[in-house]
Engineer: 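I have a structure here, written as C-alpha cells, and I will follow up with some questions on it.
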Amino acid sequence: MPRRTLPAKQLGRRLRRLRVQTGKSQAQACTAVNAGRPKDLHITQGYLSRIENGSSRPDPDELATLCARLDAGDETTGQLTALLARTEQPAWWDDYGSTLGADLRFVLELEDSADTLRIYESMFVSGLLETEEYAHAVISATGGNIRPMHVPKLVDLRMERREHLFKRSGFRGLVVVMGETAVRQIVGGRSVMKGQLKRLEVDIEAGMDIRYLPYAKGPWPAVSSCAIYGFDDDVDPDVVEVDAEVGRGVYEDHDNISAANHMFARALRNAEDPAATAAFLHGVAADL
C-alpha cells in the first residue's frame with residue numbers, strides 16, 4: 001500500500017514552524033532531540049530536513065521526542081500524531097492499484113484534503129462534473145497514453161471522485177469555469193452531449209457554482225486546465241495542478257500559485273454567472 005504524500009508534507013511544515021517558533025536551527029533541534037537518547041537513535045540534520053520537507057517520516061517515538069523538545073503542547077502533539085498516522089492509512093483509491101500513477105495519487109490526496117477547489121477547463125467539462133458516458137468518451141480519446149483495459153476503471157474513478165468530494169465534511173465549495181468550447185464541443189455523440197449538458201444544468205440548480213467563459217470574452221487563459229486546491233490553515237499553501245502546452249505539473253511554489261490565482265480570477269471575472277450559464281447550456285442542448 002503506497003504511503004500518503006500530503007499528510008507527510010503537512011506534518012513537516014508544522015514541525016518546521018514549531019522549530020522556528022522556538023528559535024532553534026535544525027542543528028540545535030537535533031541536539032535537543034538527541035540529548036539523553038542512545039547514539040543509535042540519534043537523528044541527523046539531514047534526516048530532520050527530509051522530515052520537514054515531507055520526504056521522510058519520523059517514527060512515533062521520534063515524533064513524540066521532537067514535540068517535547070519543541071514545546072509543542074498536548075493539543076499540537078495530538079494533531080501531529082494524527083497526521084503521522086494518516087501517512088499510513090489506506091485510502092479509498094487504493095483499490096484502483098496500478099491504474100493510478102504517483103501524480104494522480106497526489107491529486108486524489110489533494111481532493112481528499114482541500115477545503116476549497118477552483119477549476120478552469122478550456123476544452124472539456126471538468127472531470128468532477130462529467131457523466132459516465134461523457135467520461136468514457138474523453139478518457140478513450142486520450143489514445144496511447146491510456147491502455148484500453150484501464151478505461152472502465154478510470155471512468156469509475158471519476159464517478160467516485162465526485163461522490164467522495166461532495167460528501168466529505170470540511171469541504172466548503174467547488175467553483176468551475178469552463179470555456180465555451182467545453183460546452184459546445186460534441187463529445188461521444190449528440191445523445192451523450194445532451195446528457196452531459198443536462199447534468200450541468202441540474203448541478204447548477206442544486207447550487208453548484210458553474211460558469212462558462214464566452215468566446216466573446218477572449219483571449220482565454222493559455223492553459224488547457226488548471227485546478228487550485230485551497231487550504232484554510234495558514235501553514236498549508238494552495239497547490240496548483242496545471243495542464244498547458246509546455247506540459248502538465250503540480251506546483252506548490254509561490255510564483256506558480258500566484259500566477260494561477262491571477263489567471264483564475266480573470267477567467268471568473270469574465271465568465272457568465274451560474275444562472276446565465278444554465279440558460280446557455282439549455283440553449284446549446286436544444287440545438288443538438
Engineer: Are V125 and L288 co-members of a hydrophobic cluster defined by side-chain heavy atoms under 4.5 Å apart?
Structural biologist: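 The answer is yes; both residues are in one hydrophobic cluster.
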Engineer: Does D273 reach the main-chain N or O of R211 with its side chain, forming a donor-acceptor pair under 3.5 Å?
Structural biologist: no
Engineer: Using every non-hydrogen atom in the two residues, find where I257 and P237 come nearest and quote the distance to one decimal.
Structural biologist: CD1-CB, 4.2 Å
Engineer: Answer yes or no: is there a donor N or O on one side and an acceptor on the other, between the side chain of T99 and the main chain of Y96, under 3.5 Å?
Structural biologist: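 Here the side-chain-to-backbone pair exists.
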Engineer: So, S225 side chain and E121 main chain: donor-acceptor pair closer than 3.5 Å or not?
Structural biologist: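 It does not hold such a pair.
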Engineer: Can D236 and R14 be counted as an ion pair, charged N to O under 4.0 angstrom?
Structural biologist: yes
Engineer: Could you give the distance from NE2 (H164) to CG (D112), rounded to the nearest 0.5 Å?
Structural biologist: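 Going from NE2 on H164 over to CG on D112, the span is 8.5 Å.
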Engineer: Whether R17 and D234 form a salt bridge (side-chain N of Lys/Arg under 4.0 Å from carboxylate O of Asp/Glu) is what I want to check.
Structural biologist: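 Here D234 pairs with R17 in a salt bridge, since their nearest N and O are under 4.0 Å apart.
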Engineer: Evaluate side chain to side chain contact (heavy atoms under 4.5 Å, CB included) for V240 paired with V250, printing each intermediate quantity in order.
Structural biologist: CA-CA 6 Å; V240 176; V250 178; over 6 Å; no
Engineer: With side chains defined as the heavy atoms from C-beta onward, is the minimum distance between L80 and L18 less than 4.5 Å?
Structural biologist: yes
Engineer: Is the shortest side-chain N to carboxylate O distance from K9 to E252 below 4.0 Å?
Structural biologist: yes
Engineer: Is the closest basic N to carboxylate O distance between R19 and E52 below 4.0 Å?
Structural biologist: yes
Engineer: Does M159 share a hydrophobic cluster with L108, counting links as ILVMFWY side-chain heavy atoms below 4.5 Å and allowing steps through other members?
Structural biologist: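 No, because M159 and L108 fall into different hydrophobic clusters, even though each may have its own neighbours under 4.5 Å.
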Engineer: For A285 and K194, which heavy atoms make the closest approach, and how far apart are they?
Structural biologist: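 Between these two residues, the closest heavy atoms are O-CE, 3.2 Å.
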Engineer: In Å and rounded to the nearest 0.5 Å, what is the CG to CZ distance from L70 to R16?
Structural biologist: 13.0 Å
Engineer: Is there a donor-acceptor pair under 3.5 Å between the side chain of E109 and the backbone N or O of R4?
Structural biologist: no
Engineer: Can you confirm whether more than 12 heavy atoms, excluding those of R37, are under 6.0 Å from its CZ atom?
Structural biologist: yes
Engineer: So if you build clusters from Ile, Leu, Val, Met, Phe, Trp, Tyr with side-chain heavy-atom gaps below 4.5 Å, do L110 and L11 land together?
Structural biologist: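 They do not share one cluster, since no chain of ILVMFWY contacts under 4.5 Å joins L110 to L11.
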Engineer: Can you find a pair of side-chain heavy atoms, one from L128 and one from R161, that are under 4.5 Å apart?
Structural biologist: yes
Engineer: First locate atom CD of Q79, then atom CG of L83, and finally report the distance between them rounded to the nearest 0.5 Å.
Structural biologist: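 Taking CD in Q79 and CG in L83, the distance rounds to 8.0 Å.
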Engineer: Tell me if the centroids of the rings in Y120 and W220 come within less than 6.0 Å of each other.
Structural biologist: no
Engineer: Is it true that R184 and D287 make a salt bridge, defined as a side-chain N closer than 4.0 Å to a carboxylate O?
Structural biologist: no
Engineer: Over all heavy atoms of both residues, which pair between D238 and F231 is shortest? Give the atoms and the distance, please.
Structural biologist: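 Shortest heavy-atom separation between D238 and F231 comes out as OD1-N, 3.8 Å.
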Engineer: When rounded to the nearest 0.5 angstrom, what is the spacing between CG in L157 and CG in L100?
Structural biologist: 6.0 Å
Engineer: Report yes if some heavy atom in the side chain of V242 is under 4.5 Å from a heavy atom in the side chain of C226; otherwise report no.
Structural biologist: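 Yes; the side chains approach each other to less than 4.5 Å.
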Engineer: R158 and salt bridge (Lys or Arg N to Asp or Glu O under 4.0 Å): which single residue from E130, E163, E132, E111 fits?
Structural biologist: E130
Engineer: Look only at the side chain of H136 and the backbone of V151, and say whether a donor-acceptor pair between them is shorter than 3.5 Å.
Structural biologist: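 Side chain of H136 to backbone of V151: no pair is present.
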Engineer: Can you see which heavy atom on T181 is nearest to which on S122, and at what distance?
Structural biologist: CB-O, 3.6 Å
Engineer: With distance as the sole test, does Q28 use its side chain to make a donor-acceptor pair with the main-chain N or O of S25 at under 3.5 Å?
Structural biologist: yes
Engineer: How long is the span from the CG atom in L174 to the OG atom in S126, to the nearest 0.5 Å?
Structural biologist: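 Between atom CG of L174 and atom OG of S126 there are 6.5 Å.
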Engineer: Do E180 and K217 sit within salt-bridge range, that is, some charged N less than 4.0 Å from a carboxylate O?
Structural biologist: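 No, no charged N to carboxylate O under 4.0 Å.
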Engineer: Is the number of heavy atoms from other residues, nucleotides or ligands under 6.0 Å of D103 CG greater than 12?
Structural biologist: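 No, CG of D103 has 12 or fewer neighbouring heavy atoms, counting only those of other groups under 6.0 Å.
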Engineer: Would you call I119 and V177 a side-chain contact if the rule is heavy atoms closer than 4.5 Å?
Structural biologist: no
Engineer: Does the side chain of R162 come within less than 4.5 Å of L129's, by heavy atoms?
Structural biologist: yes
Engineer: Do L165 and M178 share a hydrophobic cluster (ILVMFWY, side-chain heavy atoms under 4.5 Å, transitive)?
Structural biologist: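 In one cluster: yes.
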Engineer: Please check if any side-chain donor atom of E241 sits under 3.5 Å from a side-chain acceptor atom of Y251, or the reverse.
Structural biologist: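 No donor-acceptor contact under 3.5 Å links the two side chains.
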Engineer: Between Y47 and E62, is any pair of side-chain heavy atoms under 4.5 Å apart?
Structural biologist: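 Touching, per the 4.5 Å side-chain cut-off.
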Engineer: For H282, I'd like to know if atom NE2 has over 12 heavy atoms of other residues, nucleotides or ligands within 6.0 Å.
Structural biologist: no
Engineer: Is a donor on one side and an acceptor on the other found under 3.5 Å between the side chain of Q45 and the backbone of C30?
Structural biologist: no
Engineer: Going through the distances and angles, do L117 and F171 end up as a side chain to side chain contact (heavy atoms under 4.5 Å, CB included)?
Structural biologist: CA-CA 9 Å; L117 177 53; F171 182 67; 4.0 Å; yes
Engineer: Whether the side chain of S55 engages the backbone of I51 through a donor-acceptor N/O pair (distance < 3.5 Å, no angle test) should be reported.
Structural biologist: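 Between the backbone of I51 and the side chain of S55 there is no qualifying donor-acceptor contact (under 3.5 Å).
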Engineer: Can T65 and L41 be said to form a side chain to side chain contact (heavy atoms under 4.5 Å, CB included), step by step?
Structural biologist: CA-CA 11 Å; T65 305; L41 296 181; over 6 Å; no
Engineer: Should W92 and L104 be counted in the same cluster of Ile, Leu, Val, Met, Phe, Trp and Tyr side chains packed under 4.5 Å apart?
Structural biologist: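 W92 clusters together with L104.
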Engineer: Checking Y229 against T116 for the side chain to side chain contact (heavy atoms under 4.5 Å, CB included) test, could you report, in this order, the C-alpha distance in whole Å, the side-chain angles of both residues, the deciding distance, and whether it holds?
Structural biologist: CA-CA 6 Å; Y229 303 87; T116 60; over 6 Å; no
Engineer: Quick check: closest heavy atoms across D95 and K153, and the distance to 0.1 Å?
Structural biologist: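 In this case the closest contact between D95 and K153 is O-NZ, 4.0 Å.
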Engineer: For the atom pair CG (L15) and CD (Q26), what is the distance rounded to the nearest 0.5 Å?
Structural biologist: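 That separation rounds to 11.0 Å.
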Engineer: Would you check, one step at a time, whether the test salt bridge (charged side-chain N to carboxylate O under 4.0 Å, His left out) holds for D233 with R13?
Structural biologist: CA-CA 11 Å; D233 195 309; R13 280 192 287 265; over 6 Å; no
Engineer: With side chains defined as the heavy atoms from C-beta onward, is the minimum distance between D59 and L84 less than 4.5 Å?
Structural biologist: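 D59 does not reach L84 side chain to side chain.
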Engineer: One thing to verify: whether R118 and D209 come together as a salt bridge, which I'm taking to mean a side-chain N less than 4.0 angstrom from a carboxylate O.
Structural biologist: no
Engineer: Do T277 and I204 make a side-chain contact, defined as non-hydrogen atoms from C-beta onward lying under 4.5 Å apart?
Structural biologist: yes
Engineer: Between T77 and C67, what is the shortest heavy-atom contact and its length?
Structural biologist: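 Residues T77 and C67, closest heavy atoms: OG1-CB, 3.4 Å.
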Engineer: Counting heavy atoms not belonging to D253, are there more than 12 under 6.0 Å from its CG?
Structural biologist: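 Atom CG in D253 is packed in, count exceeds 12.
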